[in-house]
Structures are given as structure tokens and as C-alpha cells.
**Q** 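Handing you this structure, nothing more for now.
Lettering of chains follows the sequences in order, A, B, ..., and the numbering in each one begins at 1. For the numbers below, each heavy atom of this structure counts, side chains included, while hydrogens, waters and symmetry mates do not. What you see is a predicted model; the values in this text were computed from it and never measured.
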Amino acid sequence: MLQFMSNGKNFSTENNSIEILEVLKALSLDGKKIIAAKLNGQLLDLSRVVDFGGEIEPVSVESDEGLEILRHSTAHLMAQAVENLYPGSKFGVGPAIKDGFYYDIDLNGAALTEQDLSKIEAEMRKLAGKAEKITREDLSKAAALEFFKARGDEYKVELVEAVDADTVSIYRQGDYVDLCRGPHVPDTSKIHNFKLLSLAGAYWRGDEKNKMLTRIYGTAFATPDELKDYLKRLEEAKLRDHRKLGRELDLFSLHEEGPGFPFFHPKGMAIMNTLIDFWRREHIKRGYQEIRTPQILDRELWLKSGHWDHYRENMYFTEIDEKPFAVKPMNCPGGILVYKTQLHSYRDLPIRMTELGVVHRHERSGVLHGLMRVRCFTQDDAHIYCEPSQIRDEVMKIMELDKYVYNDVFGFKYSVELSTRPENSMGSEEQWNAAENALKEALEISGTPYHINAGDGAFYGPKIDFHLEDCIGRTWQCGTIQLDFQLPERFDMSYIGEDGKEHRPVMLHRTILGSLERFLGILIEHYAGAFPYWIAPVQIKIIPVANEHVNYAKELSDEFLKSGLRVEIDTRDEKLGRKIRDAQLQKIPYMIVLGDKELANKNIAVRERSKGDLGSMSVDEFKNLLAQEFNPIH
RNA sequence: GCCGGCGUGGCUCAGUGGUAGAGCAGUGCACUCGUAAUGCACAGGUCAACGGUUCAAAUCCGUUCGCCGGCUCCA
């Protein structure tokens, strides 16, 4: 006898096996949207026959788990369509991912273009129309190996070999067979709302030594509206693209003459400089001192620091007077030379030295991306030299600054990761353990939620990384805190302790914004180009109604410029509506309209970019208005 | 670096073998204008670069560069 329970309802059968769907029916838990079930927490197909009972719960296509199943089944449907259209295709992996699914396929020499996606979609719809049953079969590992070997499915063979169990399952729909853990929707007619999105190359098992397969990305949703909303969100994301806005708002440009080396225009620099002003104030408040170190340094220094051994691939080299030099990819070795110009006392520690360091790193050509991934960028770097006992406090202070900047000032959500010892690293096991524990402690005492990213630390020490979430849910690494016992050792750094003897300081590397270039890119997308007043490249646009109002406009502009505001006048011989429109498109926070009325009353008409016309007011009233704007620099 | 796609005036894009097109932006002229586009005219491109096929190449082929979407890597 088998017994099933769900939310207080019970069902039992005298048989010693039963199909899941029958159980749900008996409990009146079946329905159009139910595509799978959970028995004792395990996800199962509706057609699965079980010989045990327990707590059962239907899985709707509208739940997170149901959606994942739907997407996974859609990936299979796509694979089936590809197999029909491109005979001889071999399949790699095809998982559901955030927002959709993909399948990696060896097309047997065929090449796809984006146009082929609609052909594949059409084939998918045809197959879905047939409502083919999706059935599961359990095979022994040996039988599965034999089966896939016989079909010449080399990738599936490799996957089966890697499975750590005696049996594996395969799923069939029509002639299509795939190795899969499941579960799946009961039949292909359950798959309606899908779209294939893009093509890409992807290395088999993510290893660039392996063959490159064709990856097809797609998405699927429970309802047509959800699919439509998602596609709309993709469109909206395109409108926020920092490369497009950077051109439209005249912030920066990219040129063939300097791949990966962005050019900043006056308006881009206005934002950058405001950002730097803000950054400096916050660091001075928190006891940092700023330094600057050279761009090019003797190669010997990089041999000593370990960069030659661990980072050479990413460095640029040059020669001065026949002597080898390197362009700096990091600021730390230069900073250490500054530290070593003096003898330090324990009383001086912690020493917090910042540097807006311009670093060059060679990135492979395929990875460059606007301001987000470049070959030359400005790090808002800092190095903190302290005693081991001070590490925890210093880390917590940095995390406090991170929270203030990310959350309070810019309104980003962010998450924290702890990255541990990688391969190809320097130092002993004990040092790494101590370093990792120090960071863990700081995270735990401050109650910061984090997850561990094993093996992703820097070659000289473990790190805490801060990932900001942008407007479309992508995450970007900005801040990092890296603990380093190696460089102090290599450079024989010291301070004089209370005991009058020399001690080795610990070094913390950290950034808050990460790369100023990337941070600007993130801000552009986050605000969709409509920067808050305090950081907007042009804060006020003065718009004279006609020629005879231009002089008044210039007087006003001079006054604003003197008080440090970023202001422009539109003196073009255009109609008011046109000038307003252009200022709106430039997303300028405030517009001031000056015509006969304003000239006569010596006041101004103010328009705010999102609130519209605010009516007339005196210049003083306007300044009061500005004073109420959020502004972390004042 | 690898896979696929793309590269036509400042921008967005049409043109797929027969001597380069549009809209916006720009310039000139007229209008002197009240809260998201005034009208007319003019100017602007050796069609990414180089090589090849052809009587003829923006268009077909090859190489290189750059960009886009991914993979790998990363701030």
C-alpha cells in the first residue's frame, strides 16, 4: 500500500506502484498549469511511476521550479528541431539558466546565422504542435555508454563517463533522445511561449583547449505576456547601453586608433571630476593620504613583486636606454617604494595610502567592451599597512565606506564574495589560512552576508569582492579588499614595534569604485543617462526665448558659473520648443527659460526635466531649490 | 585569442555586379518665436584598409583592422 499526503489531504492505493499524475488527480491537484510534481522534495515527471509514497506537491509552470523545467524542456525541443534541420548534429549540454536556456551543439560543419534562428523556431513550433510525449528511461551507466557510443554522440559519452552514479536517465520525444536528469514537461505541446535570441561560440566544457561548439540562446515563459515583458526589458536595456548614451550625451568616444583606450570628452570629464571630488573628500575624512606613482618602472621591480611570474601575460613592456621597463598593471609595487622611504613606527599604523592609479593591462581583443572592459583604466586604489591585529577593524572600515558609496550615495544593491586561494599562487598554506580567516571574521562580525568563491583569489592573497547590480540585473565587480602577506615579505617591509624591534606589516589592497571608467559606464546605465543633479555634466541649461534675451541669459550664466555650477546657454536661433526638446534629450536636470516676462520682473522661469514647468521664481528661490538637491559634496 | 555576425557622410540606416541615396545633425538665408522638432537652400562619402576575380565591385573572393553577441579571462 502506498500513501500520499498533501496539505492535510490524503490518498492511498493498494497497488505497489502508481503514476504521479494519478496521485495528483486523486488529490485534485492536477491542472493545465501543472507540469511536474515534488515527492518528498524530489522533482519528478508527471508520468513517473513510483513505488513509494510521501508528501506530494504539484509544480506549476508558473513557479520558479516549473519555469526552470519548462526552459529545460524548451532546450530539448530546440535540440530536436536542430537535429531535424541539421542531420548529424551532436549535442553537448543544454541547461536552463537565469532568464532562459541554451544548448551547445556541434553542427557537424554547418554554420548558423541569426536568420536561421527563425527557421529553427518554426521547426520547434511544428514539433510542439505534434504534442509528442516526453518519456523517461533509466539505464545502467554501461548501457548508456554503449547507447551513446553507438550513436556517435561523443559529448554525451563524455558526460555519462563523468556521472558519479550507477544509473542515468534518458528522455525521448519522437526520434529525439537526450541524456538528462529531468524532469520535463509531459509533452511538447506544453511549450508555447519561447524565442531564440542569439548565437555564440562556446568551448566544450568551458575549456579553451577544447573544440568550440555553437551555442544557441533562447528563453521561454509560462505566459505570452511574460515573454513579451521580457523581450521589452531587453529592448529597454539596449536604450540604456552606455556606449549608445556615451555618444548621444557626448561623454566619451572609442576609436580604432586606440582599441580599449577610451577618449573622454568635456562632459564625461565633468562627471569623472565630480566623482573624484566626492571620492577625495570621503577618503580625507577617513584618514587616507593620497600619493601618485610613475606609469613606467624598471622590470626588476616587477620581477621582485612577482608580477613577472604571475601577471606577465597582461603586461606591456618597453625599453629606456636599452634597459627593460614595464608599464604598470597595478599600483602596489610603486606604493611600497613610497612606504619604504621612511622608517615607520607602530604608532603610525595603520597607514592608509590612496592612489588614483592609471594602470594598463593587456586584455584579449575579444573581451573589450565599451568602458566596462578596457586596456587602460584608473583604479581608486589604496594600500593599508597595518599590524595583523588591526586587519579586522580596517576591513570593517572599508566595508562601511563601501556601503556608504554604493548604497547611500548611488542607490545600488550589491553582494559580497570571499575569494580563496587560486592555483599559481605565492605563499604558504598557513599564511593563506590565516589571511582567509581574518577576512571571514570581519565579514561575520559585521554581519555581512557573503558567499565563497573558491580558488578565485589574487595570486598574492584572498579577497573580498563587491558586486553591484545594474539596471538590467547584471552584476559588475567594483570594490575589492585583498589581504597580502606576500609583498611585505618580498620587499622586506618593516615597522618598529613597541619592543623596539623590526616587524613585518600586513598589507591590504582595496578599491571602492574599482575602475573609474567602468564605474562611469555602470552609472550611465544605472541612471539611463539622467544623472542626479549633483553629478550631471550640465546641471542647468539657460534658454533665452529670443535674441533680445541672450544678454540676460549671459549675466545669469556668469553668476551661476561663479558659484561653481555647471551651466550652458542655448543661443541658437531656434524656437523655444526646440531648445526645450534638445535640453530634455540631453537629460539636463534644470532648464531656465528667459523671455520678456522674466526680463521685466528680473526673475526666471524654471523647468525640471521630469516635473516639467515649475513656473517663475527669483534667482534666490531657485538657489534654495538647488540647495535641497541631494549633494554628497556639500 | 576562439566561434558567429557586422563595417556605406558626424549619427541612424537604404542600396547585393553597371559611374553613391534618405532622414537627423552641420552651414547659409528667412522667420523673432513662451515649455519636447519653423521653413527653404547648400555642403558633406576614394562605401574600414589592402589584394584578387570581372569589360565593370559598396555589392563576389581572400587577408588585415575595428566593432557587436558570446566563450575563456577580468577592475
**Q** Can a salt bridge be assigned to the pair D241(A) and R243(A) using a cut-off of 4.0 Å between side-chain N and carboxylate O?
**A** yes
**Q** For residues 268-278 of chain A, run the donor-acceptor check on the side chains, cut-off 3.5 Å, and write out each pair with its distance to 0.1 Å, sequence neighbours left out.
**A**
from    : atom 1 : to      : atom 2 : distance (Å)
N273(A) : ND2    : M269(A) : O      : 3.2
T274(A) : OG1    : A270(A) : O      : 2.7
T274(A) : OG1    : R566(A) : NH1    : 3.2

**Q** State which residues pass side chain to side chain donor-acceptor pair (under 3.5 Å) with Q295(A); sequence neighbours excluded, sorted by chain then number.
**A** none
**Q** Kindly write out the residues that satisfy ring pair (Phe, Tyr, Trp, His ring centres under 6.0 Å) with Y552(A), not counting sequence neighbours, or none if the list is empty.
**A** none
**Q** Report, as a single string ordered 5' to 3', how protein heavy atoms within less than 4.0 Å touch nucleotides 68-75 of chain B: B base, S sugar-phosphate only, - not at all.
**A** SBBBBBBB
**Q** Between the protein and nucleotides 8-13 of chain B, which nitrogen or oxygen pairs come in under 3.5 angstrom?
**A**
from   : atom 1 : to      : atom 2 : distance (Å)
U12(B) : OP1    : R247(A) : NH2    : 3.0

**Q** Under the ring pair (Phe, Tyr, Trp, His ring centres under 6.0 Å) rule, collect the residues that match up with H451(A), sequence neighbours excluded.
**A** none
**Q** Counting only Watson-Crick or G-U wobble pairs whose two distances fall under 3.5 Å, which nucleotide matches C73(B)?
**A** none
**Q** For F221(A), check ring pair (Phe, Tyr, Trp, His ring centres under 6.0 Å) against everything at least two apart and list the hits.
**A** Y230(A)
**Q** Can a side-chain donor-acceptor contact be found between N314(A) and E363(A) if the only test is distance below 3.5 angstrom?
**A** no
**Q** Give none if G26(B) has no partner; otherwise give the nucleotide forming a Watson-Crick or G-U wobble pair with it, both distances under 3.5 Å.
**A** C42(B)
**Q** Quantified in whole Å, what is the C1' atom distance between nucleotide U8(B) and nucleotide G23(B)?
**A** 15 Å
**Q** Can you list, by residue number, the residues of residues 265-277 of chain A that have a non-hydrogen atom closer than 4.0 angstrom to RNA chain B?
**A** none
**Q** How does each nucleotide of nucleotides 37-49 of chain B score, in 5' to 3' order, for protein heavy atoms under 4.0 Å: base (B), sugar-phosphate only (S), or none (-)?
**A** BB-----------
**Q** Expressed in angstrom and rounded to an integer, what is the separation of L213(A) atom CG from C3(B) atom C1'?
**A** 10 Å
**Q** Touch check for A583(A), heavy atoms < 4.0 angstrom, all strands: base, sugar-phosphate only, or nothing?
**A** nothing
**Q** Report the base-pairing partner of C6(B) (Watson-Crick or G-U wobble, both distances below 3.5 angstrom), or none.
**A** G66(B)
**Q** Please name all residues satisfying ring pair (Phe, Tyr, Trp, His ring centres under 6.0 Å) with Y217(A), sequence neighbours left out, ordered by chain then number.
**A** Y102(A)
**Q** For H383(A) and H509(A), take the angle between the two ring planes, folded into 0 to 90°, and tell me which bin it lands in: parallel under 30, tilted 30 to 60, perpendicular over 60.
**A** perpendicular
**Q** Under 3.5 Å for both donor-acceptor distances, Watson-Crick or wobble: does C31(B) have a partner, and if so which one?
**A** none
**Q** Using purine N1 to pyrimidine N3 plus N6-O4 or O6-N4 for Watson-Crick, or N1-O2 and O6-N3 for G-U wobble, each under 3.5 Å, what pairs with C55(B)?
**A** G18(B)
**Q** Just list the side-chain donor-acceptor pairs under 3.5 Å for residues 574-581 of chain A, sequence neighbours left out, or say none.
**A**
from    : atom 1 : to      : atom 2 : distance (Å)
R578(A) : NE     : D582(A) : OD2    : 3.1
K579(A) : NZ     : P544(A) : O      : 3.0
K579(A) : NZ     : R572(A) : O      : 3.0

**Q** With sequence neighbours left out, which residue pairs that include part of residues 249-262 of chain A fulfil the salt bridge (Lys or Arg N to Asp or Glu O under 4.0 Å) condition?
**A** none
**Q** Measure from the side chain of V593(A), starting at C-beta and using heavy atoms only, and say which of U35(B), G26(B), C67(B) lies closest.
**A** U35(B)
